[in-house]
Number of protein chains: 2
Amino acid sequence: MKRQPIPRRDPDAKPDPPRWLNHQEWSAWLQLLGTVTLLPAALDSQLQREAGMSHFEFGVMVALSRQPDRSLQLKDLAVVANGSLSRLSHVISRLEGRGWVRRRSGPKGRATHAVLTDEGYRTLMVVGPIHFREVRRLVFDVLTAEEVRALRQVAGRINSGLIGELNLGTLARQTRERSKRQSS
Amino acid sequence: MKRQPIPRRDPDAKPDPPRWLNHQEWSAWLQLLGTVTLLPAALDSQLQREAGMSHFEFGVMVALSRQPDRSLQLKDLAVVANGSLSRLSHVISRLEGRGWVRRRSGPKGRATHAVLTDEGYRTLMVVGPIHFREVRRLVFDVLTAEEVRALRQVAGRINSGLIGELNLGTLARQTRERSKRQSS
DNA sequence: TATACTTAGTTGAAGCGTCAACCTATTCCA
DNA sequence: TGGAATAGGTTGACGCTTCAACTAAGTATA
């Protein structure tokens, strides 16, 4: 790994891999990849072992618990939990099966609300401290206050660009149909 | 059943959800969760659409391409790609099916190496630029050089703590057997 | 040299997420 | 008012990841 991507060299050697990012970026990219891969895996693993739930399920329940009436319309819940409506629908069904959440069809026809049951709330009160102790251990204990600030800022910037990328399947369909309509 | 597990207050009101993190931490946590959820989803989605491969598969191939002989022992490849050996084994099988990677059992009995084929390398040369253009758009275009530095540092710190959390299944088994042995 | 243990890797089943198709209210607009 | 378009939600199939069990090779112990 001491050669350049473009220039020609020893005929039998394979070409060096190209450098798609500069050195600073590559280094940051590797670290970021590590975090976005390892951190969810660690959280999922811990929650699964100690509480038999996935991190996504936990996030859904936390989001509900923070509402005054412990309920949220699925569409909004999906956004808060960073998941697709389809995924959420499946998850709500599973949580209903465990008695932690109920579906309640709101007054407005289509809309469906998910409601955290008392049993779900009690479960959360047990699991929450355990989980956030782990979060603290894995994330906040290793960061200074200044780094926490930087984390919020950097992640926030990345997320801003990410908003609107969600539901790409749906968007793709819409776009397809839109252009079909235009071409007819 | 509308009462509180622990604190007493206005009888009809549900208790406020507990604050497991302080305000700074909670805010940073929400942003971090957004990134670790949304960014992999966006990358996976783009790679799937434009190249029919997952981000993990892409990462495996990139890792191989960066080796002088375009090959790596599975155990090491698993670490570089941030995945379990089991996951990697399945993925290598799929990549073999597409002719992008081959397995080669090394001279040392057990060890198995994955080798990037020429076809795999050519594919990577096409997909790489497309993918990293997206990475640049989603990550580096929205960050200043200073923020990139901070990103590397913060993610690096988090990852340090995460190392050793991997292969928890295996660790759990080992621990179990160890204690079984001790107690007998 | 026999025995136990560890390490590397594979495999199949089970569970989860994505995608596409679908259904049904609601809104738009002519 | 009638129709198309859209928004909210559900469902089933398929593919991927995890987990546990397993094989087999290497290593340590006695």
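Lettering of chains follows the sequences in order, A, B, ..., and the numbering in each one begins at 1.
- Side-chain contact between B:Thr117 and B:Val101 is absent, with no heavy atoms from C-beta onward closer than 4.5 Å.
- Under the 3.5 Å distance criterion, with hydrogens and angles disregarded, a donor-acceptor pair is assigned to the side chains of B:Thr123 and B:Trp100.
- Listed by first then second residue, pairs satisfying ring-ring contact (aromatic ring centres under 6.0 Å, His included) with a partner in residues 30-65 of chain B read B:His55-B:His131, B:Phe58-B:His131, B:Phe58-B:Phe132, not counting sequence neighbours.
- The nearest whole Å value for the distance from the NZ atom in B:Lys75 to the P atom in C:dG9 is 7 Å.
- When the C1' atom of C:dT18 is taken as reference, atom CZ of B:Phe56 falls 19 Å away, rounded to whole Å.
- Residue pairs meeting the salt bridge (charged side-chain N to carboxylate O under 4.0 Å, His left out) criterion with at least one member in residues 35-48 of chain A: none, sequence neighbours excluded.
- Residue pairs meeting the salt bridge (charged side-chain N to carboxylate O under 4.0 Å, His left out) criterion with at least one member in residues 76-92 of chain B, sequence neighbours excluded, do not occur.
- With values rounded to the nearest 0.5 angstrom, A:Gln46 atom CD is found 4.5 Å from A:Glu50 atom CD.
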What string of B, S and - do you get for nucleotides 11-16 of chain D, 5' to 3', if B is base contact, S is sugar-phosphate-only contact and - is no contact with any protein heavy atom under 4.0 Å?
BB---S
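- Between the C1' atom of D:dG9 and the CD atom of A:Gln73 lies a distance of 10 Å, rounded to the nearest Å.
- Per the geometry, NE2 belonging to B:His55 stands 18 Å off C1' belonging to C:dG17, to the nearest Å.
- Donor-acceptor pairing under 3.5 Å, judged by distance alone, is present between the side chain of A:Arg110 and the base of D:dA7.
- Residue A:Met53 contributes atom CE, which lies 14 Å from atom P of C:dG17 at whole-angstrom precision.
- B:Leu74 and B:Ala114 make their closest contact through CD2-CB, 3.8 Å (heavy atoms, listed as atom of the first residue, atom of the second, distance).
- B:Leu74 has its CG atom 20 Å from the P atom of D:dT23, to the nearest Å.
- Taking atom CG of B:Asp76 as the reference point, atom C1' of C:dG9 lies 13 Å away to the nearest angstrom.
- Between B:Ser84 and D:dT18 there is a side-chain N or O to OP1 or OP2 distance below 4.0 Å.
- A heavy-atom distance below 4.5 Å is not found between the side chains of B:Leu64 and B:Val115.
- With sequence neighbours excluded, the residues that form a salt bridge (Lys or Arg N to Asp or Glu O under 4.0 Å) with A:Arg103 are A:Glu96.
- With rounding to whole Å, B:Ile92 atom CD1 is found 15 Å from D:dT17 atom C1'.
- Note on the helix from C:dT1-D:dA30 to C:dA30-D:dT1: angle between the axes of the first and last five pairs equals 30°, rounded to 10 degrees.
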